[in-house]
Amino acid sequence: MSGINYSEKIPNNVNLATDRTLQRALEHWQPKFIDWWRGMGPTDFQAADVYLRTAVSVDAEGWAQYGAVKMPEYRWGIFLADPAAERKIGFGDAMGQPVWQQVPGEYRSTLRRLIVTQGDTEPASVEQQRLLGHTCPSLYDLRNLFQVNVEEGRHLWAMVYLLHAYFGRDGREEAEELLQRHSGDADKPRILTTFNEPISDWLSFYCFTYFTDRDGKYQLKSLAESGFDPLSRTCRFMLTEEAHHMFVGETGIGRVVKRTLEVMKELGTDDPARIRAHGAVDLGLLQKYLNFWCSSSLDLFGNEISSNSAANFANGLKGRPDETSYEDHVLRESTFQLTTPQGEESVPMLNAVNEVMRESYLKDCEIGLKRWNRIIERAGHGALALKLPSSRFRRSIGIWAGQPVDPEGNLISNELYKDKINSWVPSEQDRAFVQSLMHRVVEPGKIAGWVAPPERGINNLPVEYDYVRLH
Ligand SMILES: [Fe+2]
Ligand SMILES: [Fe+2]
């Protein structure tokens, strides 16, 4: 089951050849996807040979194979994790009943919406990042960008397979529209706001892969709990690929920290102006980027109190990430203590699932912070330690939306907020400065001056390996 058939037009481990109607429908969508990739994917690198990994199995051990590939020839396919025998619904009112192999009629439109919303973010991120290749800090980074991009393309395939296989004509129409909406398009934008902002510098790319791909991880984890088994299996395999995206973010930011500390040591100063003049990112500036990307990613979890999420949970469609780690899987009896701008409020736990997810996401975000701060402390600059902003800071969705809150989470006056916001998130000058650092470095083994080289290369190859061959 876990082996992937590569002799077919669409690589898959779902016995696609035994369902000719579905196979034809997907083969009809395939050239449209390739057209989308050529038109909206990374610009000007379609002819480059990129050292990419491709899934060859869904086993935890040895699931990927590495080699030079031209991106439009990447073997995008349909890979589901192996089924778990006798799997039962693990939460909600139908807890303990067998999982569904088909979509229950009453949940059809809700499940379709969940799949389309997740599916929309995947090509959106490729579109957001399409110009980044021009300013890559090294071939190693360029390769990582493209690895993330082709895998987001595959995640689109993962969702389109579900739409085609389980949602009939509506599903096929949704699959078309996933290629018609575009990030930042005035008429047909992507569904979620965060995915309509271009990512035009590599510091933002590292933050995006650290914070926003991690939101993706948490969404996939909660969908991996779903009672709709094909969705669960699809998401479980996507999580295997997703881990690398967050690795790119965590090590990317870590390398920026390392380089900044080197410059501080060399110059014998922590003066931001002098650090910037030397072409590095001062830690205060990095903190502003963290504040910006963390707060915008927190919005992706939605309202603190949500009847939709309550229904999705009660009906067994979408659980909490790591559902088995909780004791109560029904949530009909318990309550959640919510801090609102008006004070403490007790709400039914079932309605607070989004907030529970947000809290577990933030805990996961702390892991990188600890690692970066260890480097900062070791260099003797513990006072400049980085931190996550409060989940109330700069929110656009939920009970704290539009509230003047500082990064520590205190409600302050509107005047003070307006006064200070440019010292908490990147100002226009800050962004212009970061942009000024973005120069393309493509000699093997060379690296831009604002970021340290990685500790090791990809798949045991040296750091100076020719990861992307440009033509
Ligand atoms: Fe993804
Ligand atoms: Fe991702």
Using distance alone, with no hydrogens and no angle criterion, decide if [X] and [Y] have a side-chain donor and acceptor under 3.5 Å apart.
X      : Y      : answer
Asp120 : Thr117 : no
Ser306 : Asn303 : no
Ser232 : Glu225 : no
Gln435 : Arg431 : no

Salt bridge between [X] and [Y], side-chain N to carboxylate O under 4.0 Å?
X      : Y      : result
Lys217 : Asp364 : yes
Glu359 : Lys363 : no
Asp466 : Arg469 : yes
Asp93  : Arg332 : yes
Glu415 : Lys418 : no

Counting distance only, does the side-chain N/O of [X] pair as donor-acceptor with the main-chain N or O of [Y] below 3.5 Å?
X      : Y      : answer
Arg371 : Ile367 : no
Arg130 : Met40  : yes
Arg395 : Ile397 : yes
Asn315 : Leu317 : no
Arg154 : Ala55  : no

Legend entry - With Arg276, the salt bridge (charged side-chain N to carboxylate O under 4.0 Å, His left out) member among Asp271, Asp270, Asp430: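 The salt bridge (charged side-chain N to carboxylate O under 4.0 Å, His left out) with Arg276 is passed solely by Asp430 among Asp271, Asp270, Asp430.
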Going by atom type alone, with no hydrogens or angles, which donor-acceptor pairs under 3.5 Å involve a side-chain atom of residues 437-460 and a protein atom two or more places apart or on another chain?
unit_1: His439; atom_1: NE2; unit_2: Ser436; atom_2: O; d: 3.1
unit_1: Asn459; atom_1: ND2; unit_2: Tyr51; atom_2: OH; d: 3.0

Inset, instruction - Tell me, please, which residues at least two apart from Phe247 pass ring-ring contact (aromatic ring centres under 6.0 Å, His included). - result: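 Phe247: ring-ring contact (aromatic ring centres under 6.0 Å, His included) contacts with His244.
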Inset, instruction - Could you label the plane-to-plane angle of the Trp63 and Phe237 rings as parallel, tilted or perpendicular, counting under 30° as parallel and over 60° as perpendicular? - result: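 Rings of Trp63 and Phe237: perpendicular, over 60°.
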Inset, instruction - Name all residues meeting the side chain to side chain contact (heavy atoms under 4.5 Å, CB included) criterion together with Asp322; count only those two or more places apart in sequence or in a different chain, and write none if there are none. - result: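 For Asp322, the residues satisfying side chain to side chain contact (heavy atoms under 4.5 Å, CB included) (neighbours in sequence not counted) are Lys221, Ser325.
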